[in-house]
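Here's the structure we're looking at; comments come further down.
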Amino acid sequence: MHAPRKFKKAFMERLLLSLQVAGLTSKSMGLRERRDAVRLSSDVAMASARGRAAPWARALVARHAAERRNEPLLRRIMGGDVYERAVSSAGAAVARSRRIVRRSQRVACSSRRKRRSLAMAAASGGGGALAARRMVKGRLRLLRRLVPGGEALRGFSLLSETLDYVVCLKTQVELMHSLCKGSQQQQQQKLHLQLG
């Protein structure tokens, strides 16, 4: 885990900077493009504030870098060198995914045998433990899909990264909420001054 105040401060600084960079072309953007730019800016700011030590942070940036439509904005927000590293790690993730698929196809045959033996055990009276094991495996599979970079994590490391990611997402929501609140107050003050 990280120091919450230090992370929050670094996140806010990076978020304001990336929103400023993304906002340079906001007049020519549509509503959907602005929304995507804010989401991208927020994700990149959160990941960079957390640092490269967190697998989810690297995976989040790599996921955005893999989409070509994000390239111009990411180059402006991250800078050329950092963007190039993120693109190269995104390519490595695709190759790693292919290896995982091949390995899972090989393992599928052996898992069928295991399922048959587990079914036999369940028939003999061990059904409760089997159901609990299936439920835990299903929930871990869901976590792997939800947490960026979770596909490569197992067991306790997956739970630890999930906890870290959720704490960072909570901070992201709090900061975005405070920015919206501050923006609304600023607009109300301008309106009050214009009318007054």
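Hydrophobic clustering (ILVMFWY, side-chain heavy atoms < 4.5 Å, transitive): F11 and L16 are in one cluster.
Counting non-hydrogen atoms of other residues, nucleotides and ligands closer than 6.0 Å to CZ of R35 gives a total above 12.
Within the model, atoms CD of Q188 and CD of Q184 stand 7.0 Å from one another, a figure rounded to the nearest 0.5 Å. In this structure, CZ in F7 is found 7.5 Å from CZ in R50, a value given to the nearest 0.5 Å. Considering NZ of K190 and CG of L195, their distance stands at 14.0 Å, rounded to 0.5 Å. Interatomic distance, L175 CG to C180 SG, rounded to the nearest 0.5 Å: 11.0 Å. The structure places CG of L143 at 4.5 Å from OG1 of T162, a figure rounded to the nearest 0.5 Å.
For G30 against E33, the heavy-atom pair with the smallest separation is N-OE1, 2.7 Å. The shortest heavy-atom contact between D164 and A54 is OD2-CB, 4.1 Å. Annotation for L60 and M46: closest pair CD2-CE, 3.9 Å, computed over non-hydrogen atoms. Nearest heavy-atom pair, W56 versus V147, reported as atom, atom and distance to 0.1 Å: CB-CG1, 4.1 Å. Considering all non-hydrogen atoms of both residues, A59 and P148 come closest at CB-C, 3.5 Å. Closest of all the heavy-atom pairs between V44 and L74 is CG2-CD2, 3.5 Å.
With hydrogens and angles disregarded, a donor-acceptor distance shorter than 3.5 Å links the side chain of R144 to the backbone of L153. The backbone N or O of R14 lies less than 3.5 Å from a partner atom in the side chain of S18, making a donor-acceptor pair. With hydrogens and angles ignored, the 3.5 Å screen pairs no side-chain donor or acceptor of S42 with any backbone N or O of V38. N70 contributes no side-chain N or O that, together with a main-chain N or O of A65, makes up a donor-acceptor pair within less than 3.5 Å.
Salt-bridge formation is not detected for the pair D43/R63: no Lys NZ or Arg NE/NH1/NH2 atom is positioned less than 4.0 Å from an Asp or Glu carboxylate oxygen.
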Take R145 and E151 through the test salt bridge (Lys or Arg N to Asp or Glu O under 4.0 Å) and record every step on the way to the result.
CA-CA 7 Å; R145 283 196 314 257; E151 301 86 17; over 6 Å; no
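In this structure the side chain of E71 reaches within 4.5 angstrom of the side chain of R68, judged on heavy atoms.
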